[in-house]
Amino acid sequence: EGGEAMAQMEKRRPEDIRADVSSQLFWDNRIDESNIHVDVVESRVILTGTVPSYSDRWQAEDDAYSIPGVSYVDNRLRVSPGTFPIPSDEDIRNRVENVLCWNPTIDASRIDVIVVNGVVTLTGAVDSYWQKRRASYLASNVSGVIDVTNLLRVEPMARTTDEDIRRDIEESLARNAYVNPATIEVRVRDGIVTLTGTVDDYLAYRTAEDIANYTSGVIEVNNNLVIT
């Protein structure tokens with residue numbers, strides 16, 4: 001009973017979560033938060049409004065997740081670049097291709113970039129799942145990009161069995177100080193990893209996801225973990 005009472009005391013009020021998320025967005029100098037509206041339903045944060053860049057959209061989500069008591073962030077932010085000169089689709093495509101080519105961790109020769117009305121679509125192939133995610137991140141930071149559709153295929157250099165992938169992930173989780181492996185189930189089918197179970201906070205949520213992302217042979221990661 002004492003544990004349940006303590007859990008109830010620790011459960012944060014939605015208005016307190018909302019105030020902290022708003023303050024965090026205001027604090028973050030990377031983000032123009034002037035057109036972001038924050039709502040909280042129980043422990044779920046809803047972000048609506050507009051931001052000037054695609055990278056702002058994800059940085060705002062990370063800021064919201066960093067607040068204690070947040071279990072989920074529903075990111076409905078739209079990208080509206082504003083009144084400054086917006087690069088043409090051709091300029092955006094050239095810039096995305098350049099940042100991919102200049103990045104030493106990605107073989108950009110197998111990546112094709114298409115841009116229509118500021119929406120970047122990446123097609124082709126990369127060697128690992130983390131490279132696929134890295135390509136999205138690099139494209140999202142290019143001026144004028146309003147969305148990124150990542151259709152890259154992951155084609156690992158070496159064949160790795162599902163059992164090897166599962167074991168590698170579980171062993172890495174067990175070594176990590178930020179997660180409790182006993183509350184996380186790892187399933188792997190045809191290189192696709194699915195994480196289920198519960199974690200205490202967003203740090204553990206992201207840590208478990210990153211461990212799966214960086215494991216050799218992984219094709220895709222479905223993170224279904226719940227923050228409690």
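Just so it is clear, the values below take in all heavy atoms, side chains as well, and ignore hydrogens, waters and symmetry mates.
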Would a distance-only check, ignoring hydrogens and angles, find a side-chain to backbone donor-acceptor pair under 3.5 Å from [X] to [Y]?
| X | Y | answer |
| --- | --- | --- |
| Y72 | V45 | no |
| D127 | P156 | no |
| Q131 | T105 | yes |
| D168 | S216 | no |
| D28 | D63 | no |
| S53 | D56 | yes |
| N98 | N94 | yes |

Charged N to carboxylate O below 4.0 Å: is that the case for [X] and [Y]?
| X | Y | value |
| --- | --- | --- |
| E155 | R110 | yes |
| R187 | D162 | no |
| R167 | E170 | no |
| R93 | E97 | yes |
| D16 | R18 | no |
| R12 | D20 | yes |
| E42 | R44 | no |

Heavy atoms, side chains only, cut-off 4.5 Å: are [X] and [Y] in contact?
| X | Y | answer |
| --- | --- | --- |
| L122 | T149 | no |
| D147 | V79 | no |
| N222 | V193 | no |
| N180 | D200 | no |
| I184 | L225 | yes |

- Which distance, rounded to the nearest 0.5 Å, do you find between the CG of D112 and the OG1 of T123?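 So the CG of D112 and the OG1 of T123 are separated by 4.5 Å.
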
*Carefully, step by step, assess R76 and D74 under the rule salt bridge (Lys or Arg N to Asp or Glu O under 4.0 Å).*
CA-CA 6 Å; R76 303 177 188 176; D74 184 357; 2.9 Å; yes

side-chain contact (heavy atoms from CB on, under 4.5 Å), that's the test. Do I211 and N176 meet it? Break it down for me. CA-CA 9 Å; I211 286 172; N176 195 281; 4.1 Å; yes

What heavy-atom pair brings [X] and [Y] nearest, and what distance separates the two atoms?
| X | Y | answer |
| --- | --- | --- |
| T183 | T198 | OG1-O, 2.7 Å |
| I67 | I17 | CG2-O, 4.4 Å |
| A135 | I106 | N-CD1, 3.8 Å |

Run the side chain to side chain donor-acceptor pair (under 3.5 Å) check on R206 and Y202 step by step: do they pass? CA-CA 6 Å; R206 285 296 299 269; Y202 186 53; 2.9 Å; yes

Original post:
What do the steps show when you test E209 against R133 for side-chain contact (heavy atoms from CB on, under 4.5 Å), and what is the final call?
Top reply: CA-CA 12 Å; E209 182 175 297; R133 290 173 60 89; 3.3 Å; yes

query: If Ile, Leu, Val, Met, Phe, Trp and Tyr residues are connected whenever their side-chain heavy atoms lie under 4.5 Å apart, and connections chain through other members, are V148 and L138 in the same group?
result: yes

Take T50 and S80 through the side chain to side chain donor-acceptor pair (under 3.5 Å) test and state the conclusion after the steps.
CA-CA 6 Å; T50 61; S80 179; 5.2 Å; no

Next item on the list: Would you please test I92 and V120 for side-chain contact (heavy atoms from CB on, under 4.5 Å) and show each step?
Entry: CA-CA 8 Å; I92 294 172; V120 175; 4.1 Å; yes

Exercise. Does any donor atom in the side chain of N150 or S136 lie under 3.5 Å from an acceptor atom in the other side chain?
Worked result: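 Checked: N150/S136 side chains pair up, N/O donor to acceptor below 3.5 Å.
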
| field | I227/V70 under side-chain contact (heavy atoms from CB on, under 4.5 Å): CA gap, chis, key distance, verdict | value | CA-CA 8 Å; I227 301 172; V70 173; over 6 Å; no

Note to self: Around atom CZ of R189, are there more than 12 heavy atoms from other residues, nucleotides or ligands closer than 6.0 Å?
What the structure shows: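 Counting other residues, nucleotides and ligands, CZ of R189 stays at 12 neighbours or fewer.
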
query = Mind checking whether Y214 and W130 have parallel, tilted or perpendicular rings, split at 30° and 60°?
reply =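 Aromatic pair Y214/W130 classed perpendicular.
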
The remaining residues in the hydrophobic cluster of F26, counting side-chain heavy-atom contacts under 4.5 Å among Ile, Leu, Val, Met, Phe, Trp and Tyr, are none

